[in-house]
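Before any comments, here is the structure.
Count residues from 1 along the sequence. Predicted, not measured: the structure shown is a model, and the values here were computed from it. Basis for what follows: all heavy atoms, side chains included, without hydrogens, waters or symmetry-related copies.
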Amino acid sequence: MRENNQVKHILSVWGSAEKICREKSERVTELKKLCVETGDIQSIKLSGIPSGKGVSSHIENSVIKTIDIYEKTIFRLEEEIKETLSIKAHIDSLIAFLGQEEKKIITLRYRDGLSWDYIPEIIHKSRMQCFRIHNKVLSRWNSENLLKIIEKY
């Protein structure tokens with residue numbers, strides 16, 4: 001059961017991968033802009049503030065630490081985007097080998113986010129048949145060690 005929940009989670013990531021990556025890419029863009037703006041602050045000569053070990057060096061250190069935090073966050077987000085895209089590509093390849101009904105159910109549930117109330121109506125099967133098809137796919141992927149493959153991401 002735990003494995004099924006993990007596969008469902010992976011399928012949820014697959015289904016929302018484009019949205020997740022778009023949001024993280026937007027955040028990366030914002031942080032890169034902040035890095036530039038913060039770097040501009042660092043290059044400004046603050047008139048009237050004593051240089052050396054006084055206030056200006058404290059400000060400069062704060063700016064450097066801020067840029068470092070932004071750059072680390074950018075790196076982490078870019079790595080997460082790569083992981084998400086890798087998972088998506090792997091699941092896409094697995095889905096390509098599914099039968100039409102299996103593919104339709106997995107896609108409607110995880111990519112399109114439809115509830116179990118609507119899926120049976122769309123594919124013209126009973127709710128119980130949809131659950132059986134869905135669970136069969138999850139069981140097969142569990143037995144094929146999908147989780148071990150995905151863990152590397």
Quiz prompt | Nearest-0.5 Å distance, CG of residue L31 to CD of residue E78 | solution = 10.0 Å
Quiz item: Would a hydrophobic clustering, with Ile, Leu, Val, Met, Phe, Trp and Tyr connected at side-chain separations under 4.5 Å, put V137 with F131?
Solution: no
Quiz item: What pairs with E30 under side-chain contact (heavy atoms from CB on, under 4.5 Å), at least two apart in sequence or on another chain?
Solution: R27
Quiz item: What distance do L114 atom CG and L108 atom CG have between them, rounded to the nearest 0.5 Å?
Solution: 5.5 Å
Exercise. Return the set of residues passing salt bridge (charged side-chain N to carboxylate O under 4.0 Å, His left out) with E26 (not counting sequence neighbours), or none when no residue passes.
Key: none
Practice problem: Give, for atom SG of C130 and atom CG of N135, the distance between the pair rounded to the nearest 0.5 Å. | Solution: 11.0 Å
Quiz prompt | side-chain contact (heavy atoms from CB on, under 4.5 Å) involving K24 - partner list, sequence neighbours excluded | solution = I20, L77, E80, I81
Quiz item: Salt-bridged, E79 to R76, with N to O below 4.0 Å?
Solution: no
Exercise. Just grab all the side chain to side chain donor-acceptor pair (under 3.5 Å) pairs involving residues 113-124, residues at least two apart or on different chains.
Key: D117-R127
Practice problem: Taking salt bridge (charged side-chain N to carboxylate O under 4.0 Å, His left out) as the test, write out the residues that go with K103, two or more places apart. | Solution: none
Exercise. Tell me, please, which residues at least two apart from K72 pass side-chain contact (heavy atoms from CB on, under 4.5 Å).
Key: D68
Practice problem: Consider only side-chain heavy atoms of I, L, V, M, F, W and Y, link residues closer than 4.5 Å, and tell whether L34 and V63 are in one cluster. | Solution: no
Quiz item: With clusters built from Ile, Leu, Val, Met, Phe, Trp and Tyr whose side-chain heavy atoms come within less than 4.5 Å, directly or transitively, what are the remaining members of the cluster of I69, listed by chain and number?
Solution: none
Quiz item: Measuring from K136:NZ to L98:CG, what's the distance to the nearest 0.5 Å?
Solution: 9.5 Å
Quiz item: In the hydrophobic clustering (ILVMFWY, side-chain contacts below 4.5 Å, transitive), which residues join F75, or is it alone?
Solution: none
Quiz item: Is there a chain of hydrophobic side chains (I, L, V, M, F, W, Y, each step under 4.5 Å between heavy atoms) that links L85 to I87?
Solution: no
Quiz prompt | Atom pair CD1 (I95) and NE2 (H90), whose distance is rounded to the nearest 0.5 Å | solution = 10.5 Å
Quiz item: By side chain to side chain donor-acceptor pair (under 3.5 Å), which residues pair with K104, not counting sequence neighbours?
Solution: none
Quiz item: So do L11 and L138 actually touch side chain to side chain, heavy atoms under 4.5 Å?
Solution: yes
Quiz item: Side chains of I91 and I106: closer than 4.5 Å at any heavy-atom pair?
Solution: no
Practice problem: For side-chain contact (heavy atoms from CB on, under 4.5 Å), just list the numbers for H9 and V13, CA-CA rounded to whole Å, side-chain angles, deciding distance to a tenth of an Å, and then say yes or no. | Solution: CA-CA 6 Å; H9 173 73; V13 170; 3.9 Å; yes
Practice problem: Would you list the pairs meeting side chain to side chain donor-acceptor pair (under 3.5 Å) in which at least one residue belongs to residues 11-22, sequence neighbours left out? | Solution: W14-D92
Exercise. Measure the shortest side-chain to side-chain distance between K32 and V36 over non-hydrogen atoms and say whether it is less than 4.5 angstrom.
Key: no
Self-check item: Contact summary for P120 and S126, nearest pair of heavy atoms
Solution: CB-C, 4.0 Å
Quiz item: Which residues satisfy the ring pair (Phe, Tyr, Trp, His ring centres under 6.0 Å) test with Y70, sequence neighbours excluded?
Solution: none
Quiz item: Can you pull the side chain to side chain donor-acceptor pair (under 3.5 Å) pairs that have at least one residue in residues 105-114, sequence neighbours excluded?
Solution: Y110-H134
